[in-house]
Structures are given as structure tokens and as C-alpha cells.
Amino acid sequence: MRLSHNMIFKNNLNSILSNQQEVNKAQEQVTTQKRVLSASDDPSAMARSLLYTDKIKVNEQYSKNTAMLNSRLETQESILDNIKDSLLRANQLTIQAGSGSLSESDKKAISEEINTITTAVFSWMNSKSEDGRYIFSGYQDNTQTYSFDNAQNKYVYNGDQGQHKIKVADTVEIPSSDNGFEVFEKVDKRLNIDDSSITPPTSSVYVNTQNIFDDFHKNNYNADPTAPATANTITINVTSATTFDVVQGGSIIQSGTFSGGNSFNVSGMDISFTGAAPTSLSFDLEPPQHQNVLNTLDNLAKALNDPSLSNADYQQELSDAVVGLQNATNTISQTQAGLGGRYNTVQRVISANQALDINNKLNKAELVEIDMAEAITELTKHETALQASQATFGRLSNLSLLDYIR
């Protein structure tokens, strides 16, 4: 077959260009450290690598979410620690205020510190997150959590019962905050009797042993809304100078004796009556109630500044405060325990996400990334082929019939 001069040039040129293209591709693979540079190189590998790329990006967002969640949990933990420490101090002051040796000026000094604590607790309960939203307002996080209502003369909660959550994995959402209703509004108030229901009003009933009265209240309080209006009325019948019966709903639920006089103790209550036996008095059990700690502190400060209170009434106010502060502290501790559980869950999710991220990146690398030793070998091979093509072309381009004859 006769080869023309043009065909020789064309074939050598195509060979050089083809080898240059292979060299360029090998160089780009080494530079980018990728085996698959375009979908046409390996359509299947490219498609699967794109799926892994999506998973990696989603996992990166989960990592950002866990960092935000950790920050918010730590912020709330710090706030609750400050509130709890303040309540413990208020409880110490309340116990101190029960000393019979305190003067009115001493009580006023304690009241001033209680007011300072109230201001600090009020501020912490209205804390904001890093983006300026109220932490304890639930879904109403643009609304200040607590405010003082002058009409009701008490602190009121302005949020709702919502709870924000942050997604940290495909099927895992973890609450990032607790609403004030659960943390501060559901604090049990001290169980008591309804003072306004005492009949005759010349009699008196004071709860003096709280744990005993609590058992009495829990065993006998009727919470059925369809129950008769007198279902929770307790009647004390003093049947003689030394005996009495406790009656509820027409039935005797307890009987006892006392040493005489016009007072005795029954189920943690100090009972005082007027007149001689036989006689009777009655009162209603107060329904279980909740009270946020701001109002507990406010009522305590007012009692400390009220010299008109009798000693018995003053001691009842202190008892209200002690129980309210202890219950508020317990509720906060329970919330912190929940925060700790969430924090531990976040750490486990972070570990799982990191392991998943490593697997996704490894699988993607196996699909599209190169073995550097192999890639450099391929580059060297293509460079050698290019050099050979160029050298061959140089020699063939100088050949002619005259060179042969010569």
C-alpha cells in the first residue's frame, strides 16, 4: 500500500494529539486526585458518588445542628443553675426569717435580699438565646416569658407549652429548650385548707406538720368535678371535753382524744374552737394548686414587710414559701436531669454521624478518587508514549526518496 506524504503527517499528528490528550487527562487526575473527571468517564460511579455527596452535605448540616443544640442546652443548663442557686439562698433566708428573735428591721433586711433575688430570677427566666428569642416562651419565643400583671398583682407566664426541636439525624429530633409552663408554672403549691371557709369564723385551723397533713389531704380530697359542693368539707365534732370525731360527707373518717381545753392537733392541723364541748367547726380542703416561684418570692417579701400579721399567719406564710421554694428547686433539678439525658443523646448522635460521614467519604473515594501510585505510573506511561510519537514524527518527516538514494 502506498502511503502519501500527507497521510504520514496526518497519522503522526493524530498520534501526537491523542497522546497529548492522554497526558493532559492523566495530569488532571493527579492534580485533582480524581479518577472520574466527568460523567462520561464512568457514568455508574459518578451517579453513585453524587448520592454520597448529598449524604455528606446532609451530614454536615446535622453537625451544625448538633453544635447549635449543644450550645442551647449548655445555655439553659447555666441559667437553671443560677436560678436554683438563688432559690437555695432564698430558702435559707426563709428559714432564718422563722426565728422568733428577729426584729422588724431584721425582717426588712431579709425582705430586701429576697426582692433582689426575685429581680435576678425574673431576669433569668426571661433569658434569650443567641438569636434573640426568649428561651422559656415555647413557640411564642418573640414574647417576653414573664411579666408583672398590675391588675392581678402577680407575675404571669406569657408563653405557651410548645417545645422547639432540632433535627440531628435522619430520624432523630431532640428538644432544644423547655417552656416555662413545664419548668416554672407546674410547681406544686403547699397543700392547705381554705381559710375563708372556716365556720364558725371564731375558730382557727392551721397546718403545722406539713407531711402529716399532706397524707390526710391526699387521702381525703375529692377531685371529681361532679362531686357535691361539700365533698371536701371537713367537720370536726368535739363530742366531749376530751374526744372528737372527724367527719366528711356524713361519715366519720377519724376519731381521737385530747387533753382538754379549747385546742388540739389532728392530722397535722392545730384546731382551736370557742365555747364548751360538745361543739363543732368545719372547713374545706383547698384544691391542689400550682404557683410559679416569682409569686412565691413576692408573697414572702410582702409577709416580711407586714407587721400586722399575727405570728400564726406569719408562720403560715413562711411555710408556704419553704414548700414553694423546695418544690421549685426540685422541678428545676428534674428539668436539668432531662437536659443531661438530651446532652448524652446528642453525644451519641455526634459519634454516629461522624462514623457515617467517614463511611460516606470512604465509599465516595473508592468510586471516583485515584490511587496516586497508579496515577503517576499512568502519567509516566502516557508521557513516554507522547515523547515516542514526537521523536518518530521528527524522523519520518525528514525522509524522502533522495535520502533513500543517498
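Basis for what follows: all heavy atoms, side chains included, without hydrogens, waters or symmetry-related copies. Starting from 1, each residue takes its place in the sequence as its number.
Contact check for K189 versus V323: no side-chain heavy atoms found under the 4.5 Å cut-off. Contact of the N232 side chain with the Q248 side chain is registered, since non-hydrogen atoms from C-beta on lie closer than 4.5 Å. The shortest side-chain heavy-atom distance between Q76 and D178 falls under the 4.5 Å cut-off. For the pair D284 and I198, the minimum side-chain heavy-atom distance is 4.5 Å or more. A heavy-atom distance below 4.5 Å is not found between the side chains of T296 and D320. With a 4.5 Å cut-off on side-chain heavy atoms, F213 and N208 do not count as touching. Contact of the V246 side chain with the I252 side chain is not registered, since no non-hydrogen atoms from C-beta on lie closer than 4.5 Å. Put simply, the side chain of S78 does not reach to within 4.5 Å of the side chain of D81, judged on heavy atoms.
Here the side chain of R342 pairs no donor or acceptor atom with the backbone of L73 at under 3.5 angstrom. The backbone N or O of N153 lies less than 3.5 Å from no partner atom in the side chain of N295, so there is not a single donor-acceptor pair. At least one donor-acceptor pair closer than 3.5 Å links the side chain of N179 to the backbone N or O of Q161. T209 places no side-chain N or O within donor-acceptor distance of the main-chain N or O of I212, the cut-off being under 3.5 Å. A donor-acceptor pair under 3.5 Å is formed between the side chain of N262 and the backbone N or O of G275. Looking only at distances, no side-chain donor or acceptor of S203 sits under 3.5 Å from a matching main-chain atom of T199. Proximity of a side-chain donor or acceptor of N220 to a complementary backbone N or O of F216 within less than 3.5 Å is detected. Side-chain atoms of Q163 come within 3.5 Å of backbone atoms of S177 as a donor-acceptor pair (strictly under, hydrogens ignored). Looking at N237, its side chain never comes within 3.5 Å of a backbone N or O of T239 through a donor-acceptor pair. With hydrogens and angles ignored, the 3.5 Å screen pairs no side-chain donor or acceptor of D245 with any backbone N or O of V247.
Among the candidates V187, L325, N327, T329, the single residue satisfying the side chain to side chain contact (heavy atoms under 4.5 Å, CB included) test with V293 is L325. Here the options are W124, Y155, Y157, Y134, the test is ring pair (Phe, Tyr, Trp, His ring centres under 6.0 Å), and the partner is Y146; only Y157 passes.
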Stepwise side chain to side chain donor-acceptor pair (under 3.5 Å) check, R190 with Q291: CA-CA 9 Å; R190 182 173 76 105; Q291 180 171 270; over 6 Å; no
Q144/N158 under side chain to side chain donor-acceptor pair (under 3.5 Å): CA gap, chis, key distance, verdict: CA-CA 7 Å; Q144 181 172 309; N158 302 312; over 6 Å; no
Worked verdict on Q326 versus N330 for side chain to side chain donor-acceptor pair (under 3.5 Å): CA-CA 6 Å; Q326 289 175 346; N330 291 339; over 6 Å; no
Candidate pair Q336 and K84, rule side-chain contact (heavy atoms from CB on, under 4.5 Å), full reasoning: CA-CA 10 Å; Q336 288 179 306; K84 189 164 72 172; 2.8 Å; yes
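Closest approach of A301 and I114 over heavy atoms only: CB-CG2, 4.1 Å. Contact record, D195 with V205: OD1-O, 4.4 Å, taken as the closest heavy-atom pair. Across F136 and M125, no two heavy atoms sit closer than the pair CD1-O, 3.6 Å. The minimum heavy-atom distance linking T143 with S137 is given by the pair O-OG, 2.8 Å. For the pair S101 and D106, the tightest heavy-atom approach, listed with the atom from each and the gap, is O-OD2, 4.5 Å. The nearest pair of heavy atoms linking A227 to N222 is CB-ND2, 3.6 Å.
The aromatic rings of Y221 and H217 sit parallel, their planes meeting at an angle under 30°, below the 60° perpendicular limit.
Salt bridge K302/D306: absent, no basic N to carboxylate O contact under 4.0 Å. Classification of D170 and K55 as a salt-bridged pair fails, no side-chain N sitting under 4.0 Å from a carboxylate O.
The cationic atom of K107 (NZ for Lys, CZ for Arg) lies less than 6.0 Å from the six-membered ring centre of Y314 and within 45° of the ring axis.
The CG atom of N65 sits 10.0 Å away from the NZ atom of K167 when rounded to the nearest 0.5 Å.
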